[in-house]
Amino acid sequence: MDNHLYTVAQLRAIEASAYAVLPPGTLMQRAGAAAAQFAMQLLGERRDRPVLVLAGPGNNGGDALELAANLADAGIDALVLHLPGQRDASIETATAHERARDGTVGFIDMLPPDGDWGLVVDGLFGIGLTRPIGDEYREAIAALADVRCPILALDVPSGLDADTGAIIGPDGIAVRATHTITFLGDKPGLHTADGRDHAGLVHVEMLGVGPEHLPQSQARLGTDDVFAHRLAARRHNTHKGSFGDVAIVGGAHGMAGAPVLAARGALLTGAGRVFVAMLDPGPGYDSMQPELMFRAADDFELDKRTLVIGPGMGGSASAMRLLAKALDSDSPLVIDADAITLIGASPDLLARLAARSAPTILTPHPLEAARLLGKDAGEVQADRLQAARDMAVRTNATVILKGSGSVIAQPNGETVINPTGNAGLATAGSGDVLAGICGTLLAQGWPAWEAASGATWIHGAAADLLVANGVGPIGLTAGELPAAARAVLNMLVLDAADGN
Ligand SMILES: NC(=O)C1=CN([C@@H]2O[C@H](COP(=O)(O)OP(=O)(O)OC[C@H]3O[C@@H](n4cnc5c(N)ncnc54)[C@H](OP(=O)(O)O)[C@@H]3O)[C@@H](O)[C@H]2O)[C@H](O)CC1
Ligand SMILES: [K+]
C-alpha cells in the first residue's frame, strides 16, 4: 500500500511535474470528477437531498466548482456558495466556474438558516491556506457546526495546516469533516495533531499521476507492514527463556501503579519473564498478575535484559544513579516518563544516552518532549513531525512522540505517523502500558524502529478493539489495554501466518 505522506512543497512539485505533461485543467477536472463520485457514495440513498458546496477563492474552490457541475450533470441538486474574494481566479478555476454556471448548478449568496442538506462539501481552502481564516469564510465554517449530514473536505479540511495538522492560527478555525478526499498524495496534517479530528476518514485520490512524478517522501502512514515480518508464531518446543526478559525500573514511593501497568503490558504481549525493579518496595507483588517478579531496584542486575526505565521513577538521586547505569549498559532500553524528564535536565545523562549503541526507544508525551528540546509543549504540538525528528537526532534514539496520531521518528529522519488508537488512550497509565509493549518487542530481538512502530500500532489497535467491543472511549482504563493488546498481537500473528 502506498502510504507515503507528502509536504505541501512536495505536492506543489508533484502538481507542477504532472501539469507539464497534461493539457491545462486536466488535474482539476479529474479532481472534480473523483470528488463527485465520492460524494455520490456518501449520499447513498439520499440523492434527492440538496448538496451544499462551499467554493473558495483558489483552485480548491475550482475543484469544488468542478464537483458541483458533475453532481448537477448526475441530477443532484447542487447549490454553490461561491466566495471568490478579491483575487483573480486561475484559468482552470475560471473554466470550472463557467462550466458550473452553464449547467444546472444553483448559486446562493448566503446559507439558508435551516439547510436540510444531504451532504456538505468544503472547497474553501486546500494546501494554499497561508493565514487564519476570517471574514465570510469564517462565518461559513462556523455555520457548519449545526450540520448533521456528512461533510466532505476537498484535499484538506479548510483551516488545517496540511504539513502539521495544527489549525492555522492564532485563533484559527477549521472545518470538522467526516470524510476527506485528498489529491496527488496523502498529507501528514490529516493524521496527527488536530488532523484526525478534522479530516475524518481520508481517501487518497492520485488523479492518475504515476510514480514518476512522486518525490522520495520521508514520512509514511503506519501500517502493520512495517513490522509484520517480525511477527512469528510460537513453536511448541520453547520455554519462557526463549522470549526474553524485561525489567521495569521505577516505582518510587507511592508510584507503584505505573511500573505495574508497564509490567502487565510487557507480560501480556509475550515477554518470557517480567521483573519489576522498584525504587521503593511498595506492595512487593501484583495480586492481579502474580507472574510479575518484584525486586529492589538498588541491587538489581541491569545488564543482559531489556529495561523499561522511568514509570513512576520520580527524580531522586537514586533514580538518577539508576538511570545513568542503565544508559551506560548494553541492554536494550525503553526510556519513559520521569526518566525523560531527568535526561532533559541533565546534559551528562543526555550525553550518555546519545553515546549508546544498543537499541533505544524514548516514549515522550508532548510536555516531556518539550522539556528535552528546551521548548514549550505548544511549539512541539505546532509541528509534531519536526519535534519528533529533532528529538531523535538529539538523543540518537528512536522516538515515539505520543498524542493523537503518535509520531515515530528515528535519527535518519525517517518518520511514521501511527493511524490506530482513539481518545480512550488519553487516560492515566496508557503510556506505561505502551512502554511495556515496547520492552517486550525489543526483548524478542526486534530492532528499535520496528519495535516502536509495532508497539504503537498494537497499543492503539488495542484501544480500538476495546471501543469496538463497547469499552470506552469514555472511561477506558489503562489496565484494560494489556489483555486487548494480547488479542491484537495474536490476531496479527495469525494474519501473518495466513500470509495476509
Ligand atoms: N492546480 C491544480 O491543477 C490542482 C490543484 N488542486 C487544488 O488546488 C488547491 C491549491 O490551490 P491554491 O489556489 O494554491 O490554494 P487554495 O485554493 O488552497 O487557497 C486559495 C487562496 O486563498 C488565499 N488565502 C490563503 N489564506 C487565506 C485566508 N485565510 N483567507 C482568504 N484567502 C486566503 C491564497 O491566496 P493569497 O494570494 O490571498 O495568499 C490562496 O492561494 C489544492 O488544495 C487542491 O484542492 C487539485 O488538487 C489538483 C489540481
Ligand atoms: K478544503
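Both counts, for ligands and for their atoms, begin at 1 and track the order of listing.
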Aromatic centroids of His213 and Tyr19 separated by under 6.0 Å: no

Check ion pair Asp116-Arg49 (N to O, under 4.0 angstrom): yes

Contact check: Gly126 vs ligand 1, nitrogen or oxygen atoms, below 3.5 angstrom: yes

Atoms of ligand 1, numbered as shown, that sit under 4.0 Å from any heavy atom of Glu92: 1 (N), 2 (C), 3 (O)

Close side-chain approach of His191 to Val202, heavy-atom, < 4.5 Å: yes

Whether Gln37 side chain and Ala34 backbone form a donor-acceptor pair below 3.5 Å: no

Nearest-contact summary for atom 17 (O) of ligand 1 - protein heavy atom, Å: Asn60 N, 3.0 Å

CA sep, side-chain torsions, deciding dist, call: Arg12, Glu15, salt bridge (Lys or Arg N to Asp or Glu O under 4.0 Å): CA-CA 5 Å; Arg12 292 295 188 195; Glu15 207 173 276; 3.8 Å; yes

Apex the K ion (ligand 2); atoms Asp122 OD2 and Val156 O; angle rounded to 10 degrees: 80°

Polar proximity ligand 1 side, Tyr137 side, N/O cut 3.5 Å exclusive: no

For atom 48 (C) of ligand 1, the protein heavy atom that lies nearest, with its residue and separation: Leu207 CD1, 3.9 Å

Within-shell test, Leu154 vs ligand 1, heavy atom, strictly < 4.0 Å: no

Under 3.4 Å: N/O/S of Asp155 next to the K ion (ligand 2): no

Metal site the K ion (ligand 2): N/O/S of Ala153 inside 3.4 Å: no

Region of Pro132 engaging ligand 1 - heavy atom pairs below 4.0 Å: backbone

Check: Arg196 side chain, Ala193 main-chain N or O, donor-acceptor pair, under 3.5 Å: no

Evaluation steps, salt bridge (Lys or Arg N to Asp or Glu O under 4.0 Å), between Arg220 and Glu414: CA-CA 8 Å; Arg220 287 184 300 149; Glu414 196 177 350; 3.5 Å; yes

Non-hydrogen atom of Gly56 closer than 4.0 Å to ligand 1: no

Closest protein heavy atom (residue, atom, distance) for atom 19 (O) of ligand 1: Phe125 CD2, 3.7 Å

Main-chain N/O of Ala426 paired to Ser430 side chain as donor or acceptor, under 3.5 Å: no

Aromatic ring proximity, centroids under 6.0 angstrom, His97 and His82: yes

Ligand 1 to Gly128 polar contact by distance, N or O atoms, under 3.5 Å: yes

Heavy atom of Val156, distance to ligand 1 below 4.0 Å: no

Nearest neighbour of atom 24 (N) of ligand 1 from the list Arg131, Arg30, Glu15, Gln29, on a heavy-atom basis: Arg131

Whether Thr420 side chain and Trp457 backbone form a donor-acceptor pair below 3.5 Å: yes

Distance from atom 47 (O) of ligand 1 to nearest protein heavy atom, with residue and atom: Phe183 CD1, 3.2 Å

Nearest non-hydrogen protein atom, atom 3 (O) of ligand 1: Tyr19 CE1, 3.2 Å

Atom 6 (N) of ligand 1 [closest protein heavy-atom partner, distance rounded to 0.1 Å]: Asp63 OD2, 3.7 Å

Side chain to side chain donor-acceptor pair (under 3.5 Å) evaluation trace for Thr363 with Asp336: CA-CA 5 Å; Thr363 60; Asp336 184 34; 2.8 Å; yes

Backbone N/O of Thr269 and side chain of Thr440: donor-acceptor pair under 3.5 Å: no

Element-labelled atoms of ligand 1 that are located less than 4.0 Å from some non-hydrogen atom of Thr130: 25 (C), 26 (N), 39 (O)

Pro57 N/O to ligand 1 N/O under 3.5 Å: no

Residue pair Gly25 / Glu92: nearest heavy atoms and the distance that separates them: CA-CB, 3.9 Å

For the student: nearest non-hydrogen atoms of Leu476 and Gly424, plus distance: CD2-O, 3.8 Å

Arg12 to ligand 1, any heavy atom closer than 4.0 Å: yes

Nearest atoms (heavy-atom pairs only) where Met391 meets Ile340: CE-CG2, 4.1 Å

Shortest protein heavy-atom distance from atom 37 (O) of ligand 1, along with the residue and atom involved: Arg87 NH2, 3.8 Å

The K ion (ligand 2) contact by Gly126, N, O or S atom under 3.4 Å: no

Interfacing atoms of ligand 1 (cut-off 4.0 Å, heavy-atom, Ile133): 29 (N)

Per atom 43 (O) of ligand 1, closest listed option by heavy atom (Asp155, Asn59, Thr182, Leu27): Asp155

Leu154 near the K ion (ligand 2): N/O/S under 3.4 Å: yes

